[in-house]
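Let me begin by presenting the structure, written as structure tokens, before commenting on it.
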Amino acid sequence: VQLQASGGGLVQPGDSLRLSCAASGHTFSTTDLGWFRQAPGKEREFVAFISWSGGRIYHSDSVKGRFTIGRDNTKSTAYLQMNGHKPEDTAVYYCGAYLRGVLYESSSYSPWGQGTQVTVSS
């Protein structure tokens with residue numbers, strides 16, 4: 001599976017934005033996915049995870065209650081609905097296919113899509 005993230009942009013604190021992760025290939029519907037983000041000078045940080053069926057969903061504590069991960073297997077696309085943006089949400093956001101291991105560690109995912117920049121600023 002190949003992934004491509006899109007939908008980033010410049011938003012003000014409190015605004016909403018929805019990221020998309022479009023996939024090509026025949027394995028999307030059986031692939032677990034994760035969203036991560038990476039701020040300048042920092043390591044890639046876990047944001048959310050969704051299993052292939054959508055039956056298992058996890059969000060990091062830093063985004064719980066504000067961000068929601070979802071997917072539509074008929075469109076081979078995963079989403080990250082982001083509400084209530086804070087300046088600390090500024091980062092490049094990546095989607096990745098989960099392989100094995102600890103699901104909140106970036107080393108458990110491959111491949112990655114190209115990232116999309118989200119900047120939160122007033």
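Note that this is a predicted model, so its numbers are computed, not measured.
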- Message: If you compare all heavy atoms of V47 against all heavy atoms of V63, which two are closest, and at what distance to 0.1 Å?
- Response: O-CG2, 3.6 Å
- Item | hydrophobic_cluster_shared for L19 and L3, side chain cutoff 4.5 Å | yes
- Contact list for residues 52-113, test disulfide (SG to SG under 2.5 Å), sequence neighbours left out: C21-C95
- Identify whether M82 and V11 are in the same connected component of the hydrophobic contact network (ILVMFWY, side-chain heavy atoms under 4.5 Å). yes
- Between S60 and S62, is any side-chain donor less than 3.5 angstrom from a side-chain acceptor? yes
- Honestly curious: do F36 and V102 fall in one hydrophobic cluster under the side-chain, below-4.5 Å linking rule? yes
- Task: Over all heavy atoms of both residues, which pair between T116 and G7 is shortest? Give the atoms and the distance, please.
- Result: OG1-N, 3.8 Å
- Message: Walk me through whether Q117 and T90 qualify under side chain to side chain contact (heavy atoms under 4.5 Å, CB included).
- Response: CA-CA 8 Å; Q117 175 72 47; T90 295; 4.1 Å; yes
- Message: Any carboxylate oxygen within less than 4.0 angstrom of a Lys/Arg side-chain nitrogen, looking at K86 and D89?
- Response: no
- Query: How many angstroms lie between atom CG of D32 and atom CD1 of I50, to the nearest 0.5 angstrom?
  - Reply: 9.0 Å
- Query: In Å and rounded to the nearest 0.5 Å, what is the OH to CZ distance from Y98 to F49?
  - Reply: 6.5 Å
- Query: Shortest non-hydrogen contact from A39 to A91?
  - Reply: N-CB, 3.8 Å
- Message: Within the supplied structure, the quantity of interest is the number of heavy atoms (other residues, nucleotides, ligands) at a distance under 6.0 Å from W52 CH2; does it exceed 12?
- Response: no
- Any disulfide (SG to SG under 2.5 Å) pairs touching residues 29-72, not counting sequence neighbours? none
- Query: Of the non-hydrogen atoms in G101 and S108, which two are nearest, and what is the gap between them?
  - Reply: C-OG, 3.5 Å
- Any donor-acceptor pair under 3.5 Å linking the side chain of H59 with the backbone of G65? no
- Query: Counting heavy atoms not belonging to Y104, are there more than 12 under 6.0 Å from its OH?
  - Reply: no
- Task: Please report the shortest heavy-atom distance between A23 and V1, naming the atom on each side.
- Result: CB-CG2, 3.7 Å
- Task: Keeping to residues at least two apart or across chains, list the ring-ring contact (aromatic ring centres under 6.0 Å, His included) pairs with something in residues 71-96.
- Result: F67-H85
- Mind jotting down which residue pairs meet the side chain to side chain donor-acceptor pair (under 3.5 Å) criterion with at least one end in residues 3-21? Sequence neighbours excluded, please. S16-N83
- Report whether L17 and L10 are members of the same hydrophobic cluster (ILVMFWY, side-chain heavy atoms less than 4.5 Å apart, transitive linking). no
- R71 side chain to S51 main-chain N or O, any donor-acceptor pair under 3.5 Å? yes
- Message: Enumerate the salt bridge (charged side-chain N to carboxylate O under 4.0 Å, His left out) contacts for residues 39-53, please, sequence neighbours excluded, ordered by first and then second residue.
- Response: R37-E45
- Item | Close side-chain approach of F28 and N73, heavy atoms under 4.5 Å | yes
- Item | Partners meeting side-chain hydrogen bond (donor to acceptor under 3.5 Å, both in side chains) with E105 (sequence neighbours left out) | none
- Message: Contact between L33 and Y109 at the side-chain level, heavy atoms closer than 4.5 Å - yes or no?
- Response: no
- Joint cluster assignment, V92 & W112, ILVMFWY side-chain distance < 4.5 Å: yes
